[in-house]
There are 2 protein chains.
Amino acid sequence: MQVEDLRHKLPNITDPGLLKALSEYGNIHEFKAGKVITEPGQFIKMVPIVLEGSIKILRMDDDGKELFLYFLEPGETCALSLTCCSASKPSEIKAVAEENTVILGVPIQKHEEWTDQFKQWKDFVSMTYQSRFQEMLVALDAVAFKRMDERLMRYIVTKMKQHKTNELHTTHQEIANELGTSREVISRLLKQLEKKKWIELGRNVIYIRDDFEELISN
Amino acid sequence: MQVEDLRHKLPNITDPGLLKALSEYGNIHEFKAGKVITEPGQFIKMVPIVLEGSIKILRMDDDGKELFLYFLEPGETCALSLTCCSASKPSEIKAVAEENTVILGVPIQKHEEWTDQFKQWKDFVSMTYQSRFQEMLVALDAVAFKRMDERLMRYIVTKMKQHKTNELHTTHQEIANELGTSREVISRLLKQLEKKKWIELGRNVIYIRDDFEELISN
DNA sequence: GCAATTTAGTAATATAAGTCACATAGAAAA
DNA sequence: TTTTCTATGTGACTTATATTACTAAATTGC
């Protein structure tokens, strides 16, 4: 990818040397919405920087039960890939393209070189660790301290913001998977929200009231 | 603290320049076992490196409910303090001295200088992020995917290893706090373990069978 | 020693969530 | 159109955990 395009896609990266290096050594990969990018056990060969679209990061347990952790948005990378790469350990998480997504893959050894070479890369990595840590805490708070109804409402808000819409096109089963519960539980809780007139349910779609976020915070 | 003492306490740090800097700018703080070092909302003025003893890191919710995350042992530091310091945000966690503990406090601005100045400091910070991230995943797995009985058994193993003993001197209430549940639940589950002859219960003490860890993994 | 406090045991009950079973509705395929 | 498949709705039931209420034992302070 050309330096000029990268400068445009990654406005936080301004160091010309770093942009040149990214352009030279980074590989473009494209994933269609829903495509599984990495699964637990797989070895990661590069640090992925999201250029377009977004990636959903999930934790899985041994029985295949899943738990949504956070989204990676344009300009961001995954702390776990940094971790896994450095330790050359297999992936601890599942990554799925949430939309059609374009990433720039940085080879591991370049990542290590650049932390010494470019202050901006070092700061980028440090910033990544910081923000992912925060998001892990949010995910932890949810499972440790919140009931499923509240977790579901927060999930809806997160997805709404991510897709910039108040129509979610998804199934109850998929929500259940990402919250690590069963479909019946989600169907019931959604029905309760519908009874309160906060959402409307259709097949494969949930219509959400514009003031949903204010409603749930009270 | 003298460079020679630090070299002895922190065998992973070998760079003479870094050791000298740590000796010059680091401040020694001592905490008695049980002393609360940081609470949520408090601002952190330094990066703490454990020299002796250990520190217990807990997450708290708004109602004061707690959840044990991990221990910091000699030679380790807290990723969250790195995060909070850099972002100058208040602490997200509670830190309590698990034993009588000695820490070396590194001023924030020195931390930032040293990441550029000393490769070994940069690696130390990076390593810290990596290992804390792993431990966050372990904590997350527990609350997301495990039942309380299994969490309790793992908790017992963690404490045993930490204190290098098979006598835990603690109360049911304290265990309940750290696992984010109620005292009655812990009393009942401990009683079940006693019935299986895996532990013996006394007042303020739990005696654990030597082969406890093998027993629970089957 | 005796009263007060802390710690532990436990039964009864309540609640959130998970599971099972089955009905139905809409969409897609034949 | 009819069949098939997928998604949803819902009652009945189970289970794990939380809460309430109380007792008793051990320890501490007087």
Side-chain angles (χ1 to χ4, degrees), chain A residues 34 60-68 141-156 159 167-208 216, chain B residues 34 60-68 141-156 159 167-208 216:
Chain A
M60 289 178 80
D61 83 341
D62 311 322
D63 312 338
K65 210 171 143 189
E66 295 182 352
L67 183 73
F68 170 78
D141 283 346
V143 283
F145 304 126
K146 307 293 184 189
R147 282 205 318 260
M148 195 53 80
D149 55 354
E150 187 171 347
R151 289 176 57 199
L152 174 59
M153 292 187 289
R154 288 171 184 276
Y155 175 91
I156 289 171
K159 285 271 174 171
E167 271 184 44
L168 293 190
H169 295 271
T170 181
T171 65
H172 299 183
Q173 185 63 63
E174 193 181 333
I175 299 175
N177 290 151
E178 300 197 4
L179 291 175
T181 182
S182 65
R183 199 265 313 160
E184 294 91 325
V185 170
I186 296 301
S187 288
R188 260 194 291 266
L189 292 173
L190 285 173
K191 210 69 198 168
Q192 286 177 22
L193 292 178
E194 194 179 40
K195 278 192 189 130
K196 290 200 233 179
K197 311 270 184 200
W198 291 5
I199 62 175
E200 266 183 75
L201 299 173
R203 190 188 170 85
N204 286 314
V205 62
I206 302 172
Y207 306 97
I208 300 149
I216 69 165
Chain B
M60 289 179 79
D61 84 340
D62 311 322
D63 312 338
K65 211 173 143 187
E66 295 183 354
L67 183 72
F68 170 77
D141 283 347
V143 281
F145 303 128
K146 307 294 186 192
R147 282 206 318 259
M148 196 53 79
D149 54 354
E150 188 171 346
R151 289 176 57 200
L152 174 60
M153 291 187 291
R154 289 173 182 276
Y155 174 91
I156 289 171
K159 285 271 174 170
E167 272 184 43
L168 292 190
H169 295 271
T170 181
T171 65
H172 298 183
Q173 186 62 63
E174 193 182 334
I175 299 175
N177 288 151
E178 299 196 7
L179 292 175
T181 183
S182 64
R183 199 266 314 162
E184 295 88 330
V185 171
I186 296 302
S187 289
R188 258 193 295 269
L189 292 174
L190 285 173
K191 209 71 200 167
Q192 285 176 25
L193 292 178
E194 193 179 40
K195 277 192 189 131
K196 289 200 234 179
K197 309 267 184 204
W198 291 5
I199 62 175
E200 267 183 76
L201 298 175
R203 188 186 170 86
N204 286 314
V205 61
I206 303 173
Y207 306 97
I208 301 149
I216 69 165

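Numbers restart at 1 for each chain; the letters A, B, ... are given by sequence-line order, proteins then strands. Basis for what follows: all heavy atoms, side chains included, without hydrogens, waters or symmetry-related copies.
Sequence order on DNA chain C of the closest nucleotides to B:Lys195 and A:Lys65 puts B:Lys195 first from the 5' end. Each of A:Met148 and B:Gly202 has a nearest nucleotide on DNA chain C; the 5'-most of these lies closest to B:Gly202. Map A:Glu194 and A:Arg188 each onto its nearest nucleotide of DNA chain D; the residue landing nearer the 5' end is A:Glu194.
Distance CZ (A:Phe145) to C1' (C:dA16): 18 Å, rounded to an integer number of Å. Look at NZ on A:Lys146: it is 13 Å from P on C:dA17, rounded to the nearest Å. Residue A:Leu189 contributes atom CG, which lies 16 Å from atom P of C:dT15 at whole-angstrom precision. Here the C1' atom of nucleotide D:dT8 and the CG atom of A:Asn204 are 10 Å apart, to the nearest Å. Counting to the nearest Å, the P atom of D:dT8 and the CG atom of A:Leu193 are 15 Å from each other. Look at CD on B:Gln192: it is 16 Å from C1' on C:dA8, rounded to the nearest Å. One atom, CZ of A:Arg151, and another, C1' of C:dA16, lie 12 Å apart when rounded to the nearest Å. The distance between atom CG of B:Leu190 and atom P of D:dT17, rounded to the nearest whole Å, is 14 Å.
For DNA chain D, the neighbouring residues in residues 171-181 of chain B, judged by any heavy atom under 4.0 Å, are B:Thr181.
Nearest heavy atom pair, residue A:Arg183 against residue A:Ala176, reads N-CB, 3.6 Å. For B:Leu201 against B:Glu194, the heavy-atom pair with the smallest separation is N-OE2, 2.9 Å.
Summary for the helix from C:dG1-D:dC30 to C:dA30-D:dT1: the axes at its two ends, each from 5 pairs, differ by 30° when rounded to the nearest 10 degrees.
In this structure, CD on B:Gln192 lies 10.0 Å from CD1 on B:Ile199, to the nearest 0.5 angstrom. To the nearest 0.5 Å, the span separating CG on B:Asn177 from CE on B:Met60 amounts to 9.0 Å. Rounded to the nearest 0.5 Å, atoms CD (B:Glu174) and CD (B:Glu66) are 9.0 Å apart.
Looking at residues two or more places apart in sequence or on another chain, you find a side-chain contact (heavy atoms from CB on, under 4.5 Å) between A:Asn204 and A:Thr171.
Environment of CD in A:Glu167: crowded, with over 12 heavy atoms of neighbouring residues, nucleotides or ligands closer than 6.0 Å.
No donor-acceptor pair closer than 3.5 Å links the side chain of B:Asp63 to the backbone N or O of B:Lys65.
Taking only side-chain atoms of B:Arg147, from C-beta outward, the nucleotide of D:dT17, C:dA17, D:dT19 with the closest atom is D:dT17. If you check C:dG9, C:dT6, D:dT6 against the side chain of A:Arg203, the one that comes closest is D:dT6. Proximity note for B:Glu184 (side chain, C-beta onward) versus C:dA17, C:dT10, D:dT10: the nearest is C:dT10. Here C:dG9 is the nucleotide among D:dT17, D:dT10, C:dG9 with the atom lying nearest to any side-chain atom of B:Leu201.
Within 3.5 Å, a donor on the side chain of B:Arg183 pairs with an acceptor on the base of C:dG9, or the reverse.
Counting heavy atoms from C-beta outward, B:Ile206 and B:Ile175 have side chains that approach closer than 4.5 Å.
The existence of a salt bridge linking A:Arg154 and A:Glu150 is confirmed by a sub-4.0 Å separation between a basic side-chain nitrogen and an acidic carboxylate oxygen.
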